[in-house]
Number of protein chains: 2
Amino acid sequence: MNKNKPTKKDLKFAILAVDAVLFMVRDEQLEVLLMPVNIQPHFSGVHGVPGGLIDSSETADEAAERHLLEKAGVKNMYMEQLYTFSDVERDPRGRVVSVAYIALISQEQAGKIANKKDVEWFPVKKLPELAYDHRKIIQTAIERLSIKLEYTNIVCNLLPDEFTLSELQNIYEIILNKEIDKRNFRKKILSLGMLKEVSGKKVGGANRPAQVYSFKSKKLTTLDIL
Amino acid sequence: MNKNKPTKKDLKFAILAVDAVLFMVRDEQLEVLLMPVNIQPHFSGVHGVPGGLIDSSETADEAAERHLLEKAGVKNMYMEQLYTFSDVERDPRGRVVSVAYIALISQEQAGKIANKKDVEWFPVKKLPELAYDHRKIIQTAIERLSIKLEYTNIVCNLLPDEFTLSELQNIYEIILNKEIDKRNFRKKILSLGMLKEVSGKKVGGANRPAQVYSFKSKKLTTLDIL
DNA sequence: GCAAAAGTGTTCATAATACACCCATGG
DNA sequence: CCATGGGTGTATTATGAACACTTTTGC
């Protein structure tokens, strides 16, 4: 392909970046991790998802992991490629193509994060002003997450290892933005055979203790109903 | 590529390319368009899908369209982004990240293509030796296509404007690689309400003429059964 | 004893599957 | 008249949806 040196003219290349939309569920809300973006004279007082350039010796996946670790102190989370955004004008400073990722952690994991200054969780329903095309990226991520909730076990990445059926149902209701019948939900989720009972009950205050469950496997599995 | 010629200090970039996996169904087979790849000393006598670099003034989508037109003479086809492949060693000449696309045309459209020298259709079950990571890209494309057949109207892009139910069923059977009951298939596909009858019958030889149908809309629609 | 969440079954409607024969045409 | 693909219906089963009360605990 390009055999010339980077002579800067007619050279076809773009700066290649990654952006990672990191989700967590907390307080009955789907939240996304943002950090301030301050790029004079284009952006100030706005936020964006963590991201950065891809190094010449790493894959996009590795770059996304690295930037999440460096900028947000998060590691070992579930991550999948979302979409590659390549609008010519998406970065006012010049041509930057971004490979976007979805990443998921439980509230529990979120609590353990080395608290980097400047990172902050926002409910997706109350996003601040965003830099670049990050609103579109987040929107795309939410759609993907919603769809995958319905036909994969991806939800396991938003929960701690052990959880109750109510907690599980809650996450579905929050992300899908609708109420689900408790009896039908339990029947269905248990019939899928992905869960196992864990000994011990969760004592949660002034109410009946709940059975605790865990996923048999956290490997992404497609429930092919077809 | 170019990491040995860092004219721009620490500048991190990669060559950005697109690759387009163009599918067609013909002769009871899913076929993909390939062209020879001859890159000395790395590749000779092997094939790859059409593709090329992204220009600094075009999006990845536009680049994919352009390369399909330039290299294969195909235009106005259905196209969607597939995945971005970024393995560091995927191009032996240097770092090239590729945004891969799926494109679909009907056999009818394929026949009208200005016959570019060197392009050739191969059944996906009999692929020749392939350059780069194109086998992986094609594999990923086939999986995506199969999945989307089941919950979208994407199949319309593989058919001519007017077609019979048998032709439609045939495409499903070929791509999903399984037999489908004729009566159940018709019941289901008609109940989705995406088709309209077209006046006229298809006379196909020594048998009863078949009713002709067309899609009410070719816009990609998700059949949310959920 | 009461507030709060856990847990549990049945009925009904709809959708998926399995399955076999007659129809219209060209040669 | 026969070979070829077009076209149709029913019975069975599985799945999804609607729906209300009892249980266990902390206070």
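We name chains A, B, ... by the order of the sequence lines, and we start the count at 1 in each one.
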Judged by atom type as modelled, is there a donor-acceptor pair below 3.5 Å linking the side chain of Q211(A) to the main-chain atoms of V198(A)?
yes

Which pair of non-hydrogen atoms, one from F163(A) and one from S214(A), has the smallest distance, and what is that distance?
CE2-CA, 3.7 Å

Can you tell me the distance, in whole Å, between the CZ atom of F185(A) and the P atom of dC19(D)?
20 Å

Rounded interatomic separation in angstrom, taking NZ from K178(A) and P from dA18(D)
10 Å

Would you check if there is a donor-acceptor pair between the side chains of Q109(B) and S106(B) at a distance under 3.5 Å?
yes

Write down the distance between CZ (R183(A)) and P (dT11(C)), rounded to a whole number of angstrom.
14 Å

What's S166(B) touching, base or sugar-phosphate or nothing? Going by heavy atoms closer than 4.0 Å.
sugar-phosphate

Calculate, to the nearest 0.5 Å, the distance between atoms CD and NE2 belonging to E58(B) and H67(B) respectively.
6.0 Å

For atom CG of N170(B) and atom C1' of dG6(D), their distance in whole Å:
14 Å

Without decimals, in angstroms, what is the distance between L168(B) CG and dG6(D) P?
12 Å

L190(B) atom CG is separated from dG7(D) atom P, nearest whole Å, by 10 Å

Ignoring hydrogens and angles, does a donor from either the side chain of K187(B) or the base of dT8(D) sit under 3.5 Å from an acceptor on the other?
no

For D181(A) and dT8(C), what is the distance between atoms CG and P respectively, to the nearest whole Å?
14 Å

Closer to the 5' end of DNA chain D via nearest nucleotide, is it N207(A) or K182(B)?
K182(B)

Closest nucleotide of DNA chain D for R186(B) versus for N184(A): which of these residues is on the 5' side?
R186(B)

